[in-house]
Amino acid sequence: MFAELFAVMAPVLAGAGLGFTWVRSGQPYPVEFVTRLVFNIGTPALVIASLSGAEIDAGSFGRTMLATALVLTLMAGLAFLLARLLRRDWRVLLAPTMYPNTGNMGLPVVLYAFGNAGFVYGITVMVTVSLFQFTVGSVMASRSGRPLRTLLRTPTVYAILIALGLLLTDTELPLWLANSVDLISGFTVPLMLITLGVSLASIKVKNLRSGIGFSLLRIPVAAGVAWGIGYLLGLPPLGHGILVLQMSMPVAVFNYLFAQKARREPEYVASLVFCSTLLSLFYLPLLLAWQM
């Protein structure tokens, strides 16, 4: 069992460690460029490549998206309680409570633990979280009132629609296009992991005690909420387990970037990202051992 768990975690640690070491050694890394590349090209390609030929029925796909949306909504409500317990502004804690790192940490863990069958569910959860994060999250950070415009400018949205159309009509992409999309999608997960390491190396962490305290509160709550929602909606066992796993991931690095943009205690949010990611090295193997 230990060998299986290490085989799952090793690629995650290797990718993030590579990014961390690269930056710490003084090498340049264009975070903004890579982030745009991953989210505007890599992620849409990954969504189409993973979902278009996936062995998942439209009902399970829809229920997984609904379950993820409900978990995010409930976690938003719980953010107010956490803010009162920790005596913090709810606007500071809202995004870290809602949005786990389902992308550059969650996807690799799901892929190496459950293979392509589980990866489809992992992508579905990640896509739903991304839609919330880059619409509601962008609105909260910029204080603008144009969520529809933000949604329409998110390439992943169109990738979802294309993938859904292919899935519902049982249509396959032409071979030349399928190969091209598959090739482009291949750089997404490695770059996600490397960028995670780069981001962690670039974060100045203060107030470790409160960061650990927040993580110890959020992780079991998120796992419990995800388990309850998945059970009520009757998700398939594999999808149910991956929903719990994905929503238990550490705080997403993008929450720190949004906090910087909104000027809402970015150093405190950085401590939440760092501490939750550090703790994940201990609790994720236990969660995987329970599921595998």
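Numbers here simply count residues along the sequence, with the first being 1.
There is no path of hydrophobic side-chain contacts, each under 4.5 Å, that joins L173 to L183. L175 and L177 are assigned to two separate hydrophobic clusters, defined by single-linkage of ILVMFWY side chains at heavy-atom distances under 4.5 Å. Under the 4.5 Å side-chain heavy-atom criterion for grouping Ile, Leu, Val, Met, Phe, Trp and Tyr, F114 is connected to W290 within one hydrophobic cluster.
Not one N or O on the side chain of T21 forms a donor-acceptor pair closer than 3.5 Å with the backbone of L18. One N or O on the side chain of T43 and one on the backbone of V38 form a donor-acceptor pair closer than 3.5 Å. Side chain of T64 to backbone of Y121: no donor-acceptor contact under 3.5 angstrom is found. Looking at R63, its side chain never comes within 3.5 Å of a backbone N or O of L235 through a donor-acceptor pair. Remark: the backbone N or O of G17 is not paired with any side-chain donor or acceptor of W22 at under 3.5 angstrom.
Contact annotation: the side chain of L86 approaches that of Y268 to within less than 4.5 Å [non-hydrogen atoms, C-beta and beyond]. By the 4.5 Å heavy-atom criterion applied to side chains, R218 and L78 are not counted as neighbours. Using a 4.5 Å heavy-atom cutoff, the side chains of N101 and V273 are not in contact.
For L279, the side-chain contact (heavy atoms from CB on, under 4.5 Å) partners are I212, S215, L216, Y283, not counting sequence neighbours. Applying the ring-ring contact (aromatic ring centres under 6.0 Å, His included) rule to Y231 yields the partners W227; only residues at least two apart in sequence or on another chain are considered.
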- Message: With side chain to side chain contact (heavy atoms under 4.5 Å, CB included) as the criterion, how do L272 and S276 come out once you've worked through the C-alpha distance, each side chain's angles and the decisive distance to 0.1 Å?
- Response: CA-CA 6 Å; L272 304 186; S276 62; 5.6 Å; no
- Decide side chain to side chain contact (heavy atoms under 4.5 Å, CB included) for T195 and Y29; before the verdict, give the C-alpha distance in whole Å, the side-chain angles of both, and the deciding distance to 0.1 Å. CA-CA 9 Å; T195 306; Y29 189 87; 2.9 Å; yes
- Evaluate side chain to side chain contact (heavy atoms under 4.5 Å, CB included) for T68 paired with M247, printing each intermediate quantity in order. CA-CA 8 Å; T68 306; M247 300 312 295; 4.3 Å; yes
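Around CD of E32, the count of heavy atoms belonging to other residues, nucleotides or ligands within 6.0 Å does not exceed 12.
Separating the CG atom in N116 from the CG atom in L111 is a distance of 6.5 Å, to the nearest 0.5 Å.
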